[in-house]
Colleague: 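One structure is given below, represented as structure tokens, and several questions about it will come after.
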Amino acid sequence: MTKKSMAALTAALVAAPLLASMPGQRAVAADSGADRAPRRTESSLVHGVDLDTVTIPELQARMNRGSLTSSALTRAYLRRIKAIDPKLNSVLHTSPTALREAAASDSRHRRGASRGPLDGIPVLLKDNVDTRDMPTTAGSLALAGKPPAKDAELVKRLRAAGAIILGKANMSEWANFRAARPTSGWSAVGGQTHNPFVLDRNPCGSSSGSAAALAASLAQVAIGTETDGSIVCPAGMNGVVGHKPSLGLVSQSGVVPISAEQDTAGPMARNVIDTALTLSVLAGRDTARPGHGPRFSEAALRPGSLRGKRIGLWRLPLGEDVDALMTTTADRLRAAGATVVEVTPPYQVRLAELEFPALLTEFRRDINAYLATRNGPRDLAALIEFNRSTPAERTCFAGQELFEEALIAPPVTDPEYRAVRAELKDLSRRSIDETMRAHRLDAIAAPTNPPAWTTDCARGDDDVIPSSTPAAVAGYPSLSVPAGFIGELPVGLLLMAGDRQDAELLSLGAAVERRLDAWQAPRYLPTLP
């Protein structure tokens, strides 16, 4: 983002309350328990601001007026972490420098020298994102010693934008790429993260702590990472927003990898506005494609209309309740002026056959390169031996089958592997491009997740949700927004679009979010005080 566009955006945030385009006081879906009185805790209020519902533009307007400070906001989130997180186990560490960073932001706001929309905003980082002043473990005791020597590139961008690095969120150990039957949300370092709606239910995916913390309002925004589903599934299952950016839009430097061909970090928040504003910082520029399309900030501040949009609904066999919710969702989108058509993207069986073998090869290459930069095991073989000799690494599940298969996978120079990755890239892009072209679509929509399953270390996770795969393998953007509830459990709506259409997808997502009214203030979190 240029200084000129940053200044213009900051002025826009201060000048307009933006209430027309923000989530507001709305009812949840009819089957969500909305007839019960929602619970609001005193600790969710700070200087008259409801942390459950406030957006970054509202916070910036208050900080520029002097009615709120970043220090007060940061202390409020730290108090909530201390009071609530023992039930959730979503936050591993809080930053020792957070309050000092907040004080520096307050000084900038007093001088009229704010660095932009994230200045003074508390952010949680997934524990596979390098930080020089806190451990970065990917959930493993193998990396629990000395912190990395330097911040990840995306952390440098956040700090430069004035964001407050609040702490580290728990995650599924090694981003769920260790055992054949892992339990999402569990790590040897942090234990089990719980879904804040029903504590014995699972938070899904490897960005589990980031999503659960946001649902309980323990930070304003969070950073997740995804190889296939690890941003969008936790977002859907915890009733928040998650954006998987186009591959390469956000730097992967300093992030514990699975595969450079699919990995990306991305923003998570309680609304699309905050998600888009965070992406504008993470991406390091304010456009998805220079000279083309709306800026991320414009997508956030002026969400588009659904009138005239064409959306393809991809139904998946996730149960009658999910299917009924998708039907209701389609009806609401049509009532807003969108055309919704039923679609089934092709090539999904072949994608499922090819993806895993390719990731095994890429993981060995990329994890070896990362481990060489850290204290601890220096390569995958040493990491496997560490797990075998460390009982604490086997307290939930003992397996490390994926590590062992990756160790004997063919190298990236192998012609068969290269053919597999080329076919994956081709078919995944065609699955989206051909579907969108055939039906003249603005986006493809699908359920992000089923209702959360019961966490069970002996059984492991339920089956993987396939809706994330086409965009994940293609390197195309995807966005999960709350669709509604089944009982007390959230379900997300996944939106997918073509190459580098991040800003367009965020604009559409803001319009969908506004229409669905699925997860809005005041929140109902029956398991929390």
Side-chain angles (χ1 to χ4, degrees), residues 38-44 50-53 74-95 98 122-128 134-135 137 139 166-173 175-176 182-224 230-231 233-242 268-270 395-396 449 451-457 461 482 485 487-490 492 519 522-529:
R39 305 176 73 177
R40 186 192 302 270
T41 63
E42 183 178 352
S43 59
S44 71
D50 186 352
L51 298 182
D52 288 342
T53 65
T74 302
R75 282 194 297 268
Y77 277 125
L78 291 171
R79 284 195 301 268
R80 282 185 66 80
I81 290 170
K82 184 176 181 180
I84 292 174
D85 197 58
K87 283 194 170 189
L88 298 181
N89 219 27
S90 65
V91 179
L92 290 174
H93 311 283
T94 54
S95 171
V123 179
L124 276 175
L125 304 173
K126 186 176 177 179
D127 190 38
N128 60 351
M134 286 182 288
T137 72
L166 191 63
K168 288 293 190 71
N170 197 18
M171 60 178 285
S172 305
E173 185 170 320
N176 268 346
T183 300
S184 286
W186 181 85
S187 72
V189 170
Q192 180 65 51
T193 294
H194 306 290
N195 190 301
F197 288 89
V198 180
L199 292 176
D200 69 350
R201 298 303 178 100
N202 198 266
C204 192
S206 67
S207 302
S208 43
S210 298
L214 286 171
S217 300
L218 304 186
Q220 189 67 26
V221 295
I223 306 303
S230 281
I231 288 175
C233 187
M237 205 164 278
N238 292 273
V240 298
V241 175
M268 306 173 76
R270 286 183 292 275
T395 57
C396 182
N449 60 287
W453 54 81
T454 303
T455 298
D456 185 342
C457 283
D461 287 342
F485 286 76
E488 294 173 345
L489 297 169
W519 163 238
R523 302 231 177 94
Y524 183 75
L525 289 174
T527 63
L528 299 182

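Note that the numbering runs from 1 along the sequence shown for the chain.
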Colleague: Just to verify, what does Thr94 make a side chain to side chain donor-acceptor pair (under 3.5 Å) with, not counting sequence neighbours?
Modeller: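 Residues passing side chain to side chain donor-acceptor pair (under 3.5 Å) with Thr94: none at all.
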Colleague: Looking at Leu166, Ile223, Leu92, which hits side chain to side chain contact (heavy atoms under 4.5 Å, CB included) with Leu125?
Modeller: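 Of Leu166, Ile223, Leu92, side chain to side chain contact (heavy atoms under 4.5 Å, CB included) with Leu125 is met by Ile223 alone.
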Colleague: Would you check, one step at a time, whether the test side-chain contact (heavy atoms from CB on, under 4.5 Å) holds for Trp186 with Thr455?
Modeller: CA-CA 10 Å; Trp186 181 85; Thr455 298; over 6 Å; no
Colleague: Would you say that Gln192 contacts Asn202 through its side chain, given a criterion of any heavy-atom pair below 4.5 Å between the two side chains?
Modeller: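 Yes; the side chains approach each other to less than 4.5 Å.
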Colleague: Can you confirm whether the side chains of Ser210 and Lys126 place a donor and an acceptor under 3.5 Å from each other?
Modeller: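 No, because no side-chain N or O of Ser210 sits under 3.5 Å from a partner of the opposite role on Lys126.
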Colleague: Any side-chain heavy-atom pair from Phe485 and Pro451 closer than 4.5 angstrom?
Modeller: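 The answer is no; the side chains never approach within 4.5 Å.
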Colleague: Specify the closest pair of heavy atoms between Asn89 and Thr193, including all atoms of both residues, with the distance to one decimal.
Modeller: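 Nearest heavy atoms, Asn89 then Thr193: O-OG1, 2.8 Å.
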Colleague: Tell me if a side-chain donor or acceptor on Asp127 pairs with a main-chain N or O of Thr137 at a distance below 3.5 Å.
Modeller: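 Confirmed, Asp127 side chain pairs with Thr137 backbone.
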Colleague: How close do Ala216 and Leu88 get, heavy atom to heavy atom, and via which atoms?
Modeller: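 Scanning both residues, the minimum pair turns out to be CB-CD1, 3.4 Å.
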Colleague: I'd like to know whether Ser208 forms a side-chain contact (heavy atoms from CB on, under 4.5 Å) with Ser172, so could you lay out the CA-CA distance, the side-chain angles of the two residues, the decisive distance to 0.1 Å, and finally the verdict.
Modeller: CA-CA 7 Å; Ser208 43; Ser172 305; 3.9 Å; yes
Colleague: What distance do His93 atom NE2 and Met134 atom CE have between them, rounded to the nearest 0.5 Å?
Modeller: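 One gets 8.0 Å once the value is rounded to the nearest 0.5 Å.
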Colleague: Can you tell me how far the CG atom of Leu218 sits from the OG atom of Ser90, to the nearest 0.5 Å?
Modeller: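 Rounded to the nearest 0.5 Å, the CG-OG separation comes to 5.0 Å.
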Colleague: Can you check whether Arg270 reaches Ser217 side chain to side chain, under 4.5 Å on heavy atoms?
Modeller: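 The answer is yes; the side chains approach within 4.5 Å.
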Colleague: Can a donor-acceptor pair be found, under 3.5 Å and without considering hydrogens, that links the side chain of Asn170 to the backbone of Gly209?
Modeller: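 No; judged by distance alone, with no hydrogens or angles, the pair does not exist.
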Colleague: Drop me the distance from Ser187's OG to Asn128's CG, to the nearest 0.5 angstrom.
Modeller: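 If I round to the nearest 0.5 Å, the distance is 11.0 Å.
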Colleague: Using every non-hydrogen atom in the two residues, find where Pro196 and Ala215 come nearest and quote the distance to one decimal.
Modeller: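 For Pro196 versus Ala215, the nearest heavy atoms are CG-CB, 3.6 Å.
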Colleague: Report the distance from atom SG of Cys396 to atom CG of Asp456, rounding to the nearest 0.5 Å.
Modeller: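 Going from SG on Cys396 over to CG on Asp456, the span is 8.5 Å.
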Colleague: Could you tell me if the side chain of Thr454 sits less than 4.5 Å from the side chain of Arg201, heavy atoms only?
Modeller: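 Yes, side chains in contact.
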Colleague: Give, for atom CG of Asn195 and atom CD of Glu488, the distance between the pair rounded to the nearest 0.5 Å.
Modeller: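 One finds 10.5 Å between CG of Asn195 and CD of Glu488.
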Colleague: Write down the atom of Arg80, the atom of Leu51, and the distance for their closest heavy-atom approach.
Modeller: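 The pair with the smallest heavy-atom distance is CD-CD1, 3.7 Å.
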Colleague: Provide the closest heavy-atom pair for Pro234 versus Gly205 in the form atom of the first, atom of the second, distance.
Modeller: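 In this case the closest contact between Pro234 and Gly205 is CG-CA, 3.8 Å.
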Colleague: For Asn176 and Ser184, work out which heavy atoms get closest and say how close.
Modeller: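 Shortest heavy-atom separation between Asn176 and Ser184 comes out as ND2-OG, 2.8 Å.
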Colleague: Rounded to the nearest 0.5 Å, what's the gap from CD on Gln220 to CG on Leu124? Could you check?
Modeller: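 Reported to 0.5 Å precision, the distance equals 11.0 Å.
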Colleague: Can you find a pair of side-chain heavy atoms, one from Asn238 and one from Pro490, that are under 4.5 Å apart?
Modeller: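 When only atoms from C-beta onward are counted, Pro490 and Asn238 do not touch, as no gap falls below 4.5 Å.
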